[in-house]
S.K.: 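Starting off with a structure, shown below.
Nothing here was measured: the structure is a model prediction, and the numbers come from that model. Indexing begins at 1, ligand by ligand and atom by atom, following the structure's order.
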Amino acid sequence: MARELDEDDVRVRPGRSSRPRTRERPDHAEAVPAVVVGVDRGRYTCRPGPTPQRLVAAVRGGSMRRTSVVVGDRVALVGDVSGTSGALARLVRREERTSVLRRTPDDTDPAERPIVANADILVIVCSVTDPVPRPGLIDRCLVAAYDGGLSPVLCLTKTDLADPAPLIELYRPLGFPVLTTQPDCDLDPLLALLTDRVSVFFGHSGVGKSSLVNRLVPAADLAIGEVNAVTGRGRHTSSAAVALLLPGGGTVIDTPGVRSFGLGAVAPNRVLRAFSDLAAAAEHCQPGCEHLAPSPDCALDSAVRDGEADAARLASLRRLLAARGTPL
Ligand SMILES: Nc1nc2c(ncn2[C@@H]2O[C@H](COP(=O)(O)OP(=O)(O)OP(=O)(O)O)[C@@H](O)[C@H]2O)c(=O)[nH]1
Ligand SMILES: [Zn+2]
């Protein structure tokens, strides 16, 4: 595996400043704000604020060694932010995150790691057939979205090949947008949700995620080419996420190679928050109730019995709660 780049790899242009170079310049008043659009083995591709076309390669400064930085993070850069070939800037600050999606641990990486920061929407791409849909995976994505602070959107693809109605029936009651797509369909309903927002696209191999992203971001290949020009590495050699600009405004983050999202220690209350119609009833549960199985102590069962809550909604909630912490 390649050596991780660090601050010592940053080229300091001689004569650029008369100030002595110190290891720490705590205020970094002249730091340039940027968003991380690609990550590859310790090297970060960043897009500085007002000039979307310019990409700057950066490495973490010394004080940032222990700070996780992922695609979508808002950061501050110092040093050579010209973005010219071979130039490396130094990443000196990461702003607070508004949301974070975590990847499920796997055999090669036992830790649950953040993969995308500050996204507003998780678009769960699922084909109605070929490959067959897996509601368990959709549920897992939903929990990860709610727990990470993202709003979910379910996008059912390949509706030219099979009827999406069963999946729509299953998920429409949950209250988030459920859309359908097929080749040459009108993407305006999806675009209406994504414009001016930051969305993450997740889907298992073969569901049609790339087809969808390429239709939404016609210049996707070009943008990825730009990232490659800076990092010097191809998209396919990396499983990292990559951020693309929507022509009409907004950002689409593709997650090639990400197989699932972590559910780790997601507190039931955070899942319940997504079910506003059940949350009030759950306040009458016994303290510590996990709302998992039908029980005399769980007020959700009596709410359904009394007609105050919908049985299908409760079943959905229990499916999400049960999906926590289970291996895929
Ligand atoms: N019939 C039909 N085929 C589709 C649709 N969307 C995608 N496909 C086809 O499904 C196959 C997989 O599509 P991709 O876009 O490569 O799927 P992906 O999810 O990105 O898969 P990976 O690239 O492996 O991650 C391709 O042959 C597409 O042409 C659809 O809506 N209907
Ligand atoms: Zn309960």
S.K.: Between Asp297 and Ser295, is any side-chain donor less than 3.5 angstrom from a side-chain acceptor?
M.R.: no
S.K.: Could you list which atoms of ligand 1 come closer than 4.0 Å to a heavy atom of Leu161?
M.R.: 1 (N)
S.K.: Identify, for atom 28 (C) of ligand 1, the protein heavy atom at the shortest distance, and state residue, atom and that distance.
M.R.: Ser211 OG, 3.9 Å
S.K.: Please classify the Val207 to ligand 1 contact at 4.0 Å (heavy-atom distances, strictly less than): side chain, backbone, both or neither.
M.R.: both
S.K.: Run the side-chain contact (heavy atoms from CB on, under 4.5 Å) check on Ile121 and Val123 step by step: do they pass?
M.R.: CA-CA 6 Å; Ile121 297 171; Val123 181; 3.9 Å; yes
S.K.: Taking the N/O/S atoms of His291 one by one, which is nearest to the Zn ion (ligand 2)?
M.R.: ND1
S.K.: Please determine if Gly208 has a nitrogen or oxygen closer than 3.5 Å to a nitrogen or oxygen of ligand 1.
M.R.: yes
S.K.: Using a strict cut-off of less than 4.0 Å between a Lys/Arg side-chain nitrogen and an Asp/Glu carboxylate oxygen, indicate whether Arg93 and Asp73 qualify as a salt bridge.
M.R.: no
S.K.: Does any N or O atom in Ser205 lie less than 3.5 angstrom from one in ligand 1, N or O only?
M.R.: yes
S.K.: May I ask whether Val178 and Val128 are part of the same hydrophobic cluster, defined by side-chain heavy atoms of I, L, V, M, F, W, Y residues being less than 4.5 angstrom apart, directly or through others?
M.R.: yes
S.K.: What about Thr159: any of its N or O atoms under 3.5 Å from an N or O on ligand 1?
M.R.: no
S.K.: State which residue, out of Arg60, Arg113, Arg97, fulfils the side-chain contact (heavy atoms from CB on, under 4.5 Å) condition with Ser68.
M.R.: Arg97
S.K.: Counting each atom of ligand 1 from 1 as listed, which ones have a heavy atom of Gln182 under 4.0 Å away?
M.R.: 31 (O)
S.K.: Hey, which atoms in ligand 1 end up nearer than 4.0 Å to a heavy atom of His204?
M.R.: 19 (O)
S.K.: Checking a contact table here: which protein heavy atom is nearest atom 11 (C) of ligand 1, and how many Å away?
M.R.: Lys158 NZ, 4.0 Å
S.K.: At less than 4.0 angstrom from any non-hydrogen atom of Ser210, what atoms of ligand 1 do you find?
M.R.: 15 (O), 18 (P), 20 (O), 23 (O)
S.K.: Where's the contact between Ser127 and ligand 1, heavy-atom distance under 4.0 Å: side chain, backbone, both or neither?
M.R.: neither
S.K.: Which of these passes side-chain contact (heavy atoms from CB on, under 4.5 Å) with Ile124: Val207, Val153, Leu137, Leu154?
M.R.: Leu154
S.K.: Among all protein heavy atoms, pick the one closest to atom 12 (C) of ligand 1 and tell me residue, atom and distance.
M.R.: Gly206 O, 3.6 Å
S.K.: Nearest protein heavy atom to atom 26 (C) of ligand 1: under 4.0 Å?
M.R.: no
S.K.: Could you go step by step and tell me if Ser199 and Leu122 meet the side-chain contact (heavy atoms from CB on, under 4.5 Å) rule?
M.R.: CA-CA 6 Å; Ser199 48; Leu122 176 63; over 6 Å; no
S.K.: Between Arg90 and Ser63, is any side-chain donor less than 3.5 angstrom from a side-chain acceptor?
M.R.: no
S.K.: Around atom CG of Asp184, are there more than 12 heavy atoms of other residues, nucleotides or ligands at under 6.0 Å?
M.R.: no
S.K.: I need the SG(Cys285)-the Zn ion (ligand 2)-SG(Cys289) angle, rounded to 10 degrees.
M.R.: 120°
S.K.: Which ligand 1 atoms are under 4.0 Å away from a heavy-atom of Lys209?
M.R.: 15 (O), 17 (O), 18 (P), 19 (O), 20 (O)
S.K.: Is Pro183 near ligand 1, meaning one of its heavy atoms is under 4.0 Å from it?
M.R.: yes
S.K.: Does the side chain of Asn118 come under 3.5 Å of the side chain of Thr98 through a donor N or O and an acceptor N or O?
M.R.: yes
S.K.: With heavy atoms of Asp160 as the reference, note each atom of ligand 1 found under 4.0 Å away.
M.R.: 1 (N), 2 (C), 30 (C), 31 (O), 32 (N)
S.K.: Before you tell me yes or no, could you show the steps for Val100 and Val116 under side-chain contact (heavy atoms from CB on, under 4.5 Å), namely the whole-Å CA-CA distance, both residues' side-chain angles and the distance that decides it to 0.1 Å?
M.R.: CA-CA 6 Å; Val100 57; Val116 175; over 6 Å; no
